[in-house]
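Just below is one structure, and these are the notes that go with it.
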Amino acid sequence: THFSLLRMAEECARIDGMKDPTTGSDPYGADGFIRAAMSGSTLSYVFTTSMQASLLAAYEEAEDTTVWCSEEDVPNFKDIDIITPGSTPRLKKLPRGGTAEHGQTDDKREQYKVSRYAQQMVIAEEDIIDENLGFFNALPAEYGMAARNLRPDLVYALLLANPTISATGGALFNATAQTATGTGHANLASGGSSALSATSLKAAITSMAKVVKYDPTGGVRQLNIKPRYMLIPSDLMFTARELLQSTGIVIAGTAGSVTERGNVNTLNGLGITLVMDNRLNASGVIDPATDTAYTGTATNWFLAAEPGRTVRVGYLSGAGRAPQVRRFNLDRGQWGIGWDIKLDIGVKAIDHKGLYKSAGA
């Protein structure tokens, strides 16, 4: 397990019983053993096994900051329809002996597709000769992290891009009042009062709870949506923790001017999980699908309901929702071993009702 690359090549050439492909004789010297090992299968197998283990370990161990999204497996790369009920029927009182009316509803459709994201890596014959084992050991972990970063890059780029929702024709986040036929979502706050504070957070929670569905007659169905996650950049980490995790409140003021109130922090115990990701800050994120750069701010923050009401992440079926690795040998003027890595994934905002954004300024 502590072999040098050259020593590893020698041992693999011996196991395969390989000759030097240049001379046809038993390998001799560093170049001969390396050429022989590269012509066999054992060296490639050893590298591939080690590389795959390191890559997948890095992929699995990295923190997932998109736990608030739902997931699904899809059969192909074609457009996938996400169908949700639009207007909602109401059950009506049925007179004795009467016949129930036919319910009226419609459906809303969002579409997305899975795309393939891929890259390849190579360890050249020169790297074996130069004993670049440290380089080889570090490379798979880097690609594993790149694969893990793909999902949050896509998700947070989508949030910051603020795309149009097909069901309403309105931007995912907008401040327009919600109506039965309009584009308003009433899920965006801005200006000084939107800075993260107990007041603005309570206003956001209240606003999410007031989101409704409409029935065909113009009536409303109360959804009582509750936020389950708060998405923040690290700039707001400590403020958010103080607001959500403090058990009591401290009221500052001078004698005679402090309003009496309870001493319990009513934001604590709401079951809101903090998710910190600096793709939401001023440095932003590059959308892997378009190479478009999107930036957040040091003050913006988001609320998300339970998975299923927010963003959908789709994976191509059969891949285990993980990157796939394949080995190949370099030829036609190149010498070495290579691997390619792919991950088939797509994301889509499926509904505005479970999301809320505050610009914080």
Side-chain angles (χ1 to χ4, degrees), residues 66-72 79-88 105-113 152 154-191 194 200-216 218-232 272-273 275 277 279-280 285 287 289 294 296-297 300-314 346-360:
T66 61
V67 294
W68 50 275
C69 300
S70 60
E71 305 177 316
E72 69 176 345
D79 286 332
I80 302 298
D81 290 332
I82 303 173
I83 307 297
T84 57
S87 56
T88 304
T105 186
D106 60 357
D107 56 48
K108 302 296 183 182
R109 181 178 69 172
E110 301 295 336
Q111 264 189 350
Y112 80 109
K113 65 176 66 176
L154 288 166
V155 168
Y156 290 109
L158 182 146
L159 283 191
L160 295 175
N162 199 20
T164 298
I165 296 296
S166 299
T168 64
L172 175 59
F173 300 107
N174 70 67
T176 305
Q178 188 183 13
T179 62
T181 58
T183 60
H185 296 166
N187 63 349
L188 173 64
S190 59
S194 66
S200 62
L201 180 52
K202 290 174 183 177
I205 294 171
T206 302
S207 181
M208 287 186 72
K210 291 181 177 180
V211 171
V212 299
K213 266 192 173 184
Y214 292 90
D215 69 30
V220 298
R221 174 187 168 190
Q222 301 294 339
L223 299 177
N224 298 310
I225 294 175
K226 300 178 178 64
R228 292 292 178 241
Y229 299 90
M230 176 185 281
L231 318 176
I232 57 170
I272 299 176
T273 300
V275 176
D277 197 301
R279 293 171 178 84
L280 295 174
V285 59
D287 187 346
Y294 294 101
T297 68
N300 60 190
W301 50 278
F302 301 76
L303 294 177
E306 70 277 1
R309 286 191 179 274
T310 57
V311 172
R312 178 76 52 82
V313 179
V347 304
K348 178 65 177 180
I350 57 176
D351 198 354
H352 66 277
K353 299 181 184 68
L355 289 167
Y356 184 95
K357 178 181 179 180
S358 181

For [X] and [Y], work out which heavy atoms get closest and say how close.
X	Y	answer
Val212	Gln178	O-NE2, 2.7 Å
Cys69	Val155	SG-CG1, 3.8 Å
Ala204	Leu303	CB-CD1, 3.6 Å
Pro163	Leu158	CD-O, 3.2 Å
Gly308	Ile350	O-CD1, 3.2 Å
Ala305	Tyr229	O-CD1, 3.9 Å

Within the side chain of [X], is there an N or O that forms a donor-acceptor pair under 3.5 Å with the backbone of [Y]?
X	Y	answer
Ser194	Gly191	yes
Glu72	Arg312	no
Ser207	Ala186	yes
Asn187	Lys353	no
Thr310	Trp68	yes
Thr179	Gly182	yes
Glu110	Asp351	no

Working to the nearest 0.5 angstrom, can you tell me the gap between [X] [atom1] and [Y] [atom2]?
X	Y	atom1	atom2	value
Ile82	Ile80	CD1	CD1	8.5 Å
Ile165	Leu172	CD1	CG	4.5 Å
Asn174	Lys357	CG	NZ	11.5 Å

Within the structure provided, determine whether [X] and [Y] are in side-chain contact (heavy-atom separation under 4.5 Å).
X	Y	value
Asn300	Leu160	yes
Ile272	Ile205	yes
Val313	Thr66	no

For [X], enumerate each residue passing the salt bridge (Lys or Arg N to Asp or Glu O under 4.0 Å) test, keeping only those at least two apart in sequence or located in another chain.
X	result
Asp287	none
Arg279	Asp153, Asp277
Glu71	Arg151, Arg321
Lys226	none

Evaluate the side chain to side chain contact (heavy atoms under 4.5 Å, CB included) criterion for residues Arg309 and Leu223: first the C-alpha distance (whole Å), next the side-chain angles of each, then the deciding distance (0.1 Å), finally the verdict.
-> CA-CA 12 Å; Arg309 286 191 179 274; Leu223 299 177; 4.3 Å; yes
Exercise for review: List the steps, then state whether side chain to side chain contact (heavy atoms under 4.5 Å, CB included) holds for Leu159 with Leu231.
Suggested key: CA-CA 11 Å; Leu159 283 191; Leu231 318 176; 3.9 Å; yes
Checking Val347 against Tyr112 for the side chain to side chain contact (heavy atoms under 4.5 Å, CB included) test, could you report, in this order, the C-alpha distance in whole Å, the side-chain angles of both residues, the deciding distance, and whether it holds?
CA-CA 7 Å; Val347 304; Tyr112 80 109; over 6 Å; no
Please work out which of the three classes, parallel, tilted or perpendicular, describes the rings of His352 and His185, given edges at 30° and 60°.
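Aromatic pair His185/His352 classed parallel.
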| task | Please assess Leu201 against Met230 for the test side chain to side chain contact (heavy atoms under 4.5 Å, CB included), listing each intermediate value before the final yes or no. | result | CA-CA 10 Å; Leu201 180 52; Met230 176 185 281; 3.4 Å; yes
Partners of Asn224 by side-chain contact (heavy atoms from CB on, under 4.5 Å), sequence neighbours excluded?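 Result, side-chain contact (heavy atoms from CB on, under 4.5 Å) vs Asn224: Gln222.
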Mind checking ring-ring contact (aromatic ring centres under 6.0 Å, His included) for Phe173 and listing every partner two or more places apart, or none if nothing turns up?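 For Phe173, the residues satisfying ring-ring contact (aromatic ring centres under 6.0 Å, His included) (neighbours in sequence not counted) are Phe302.
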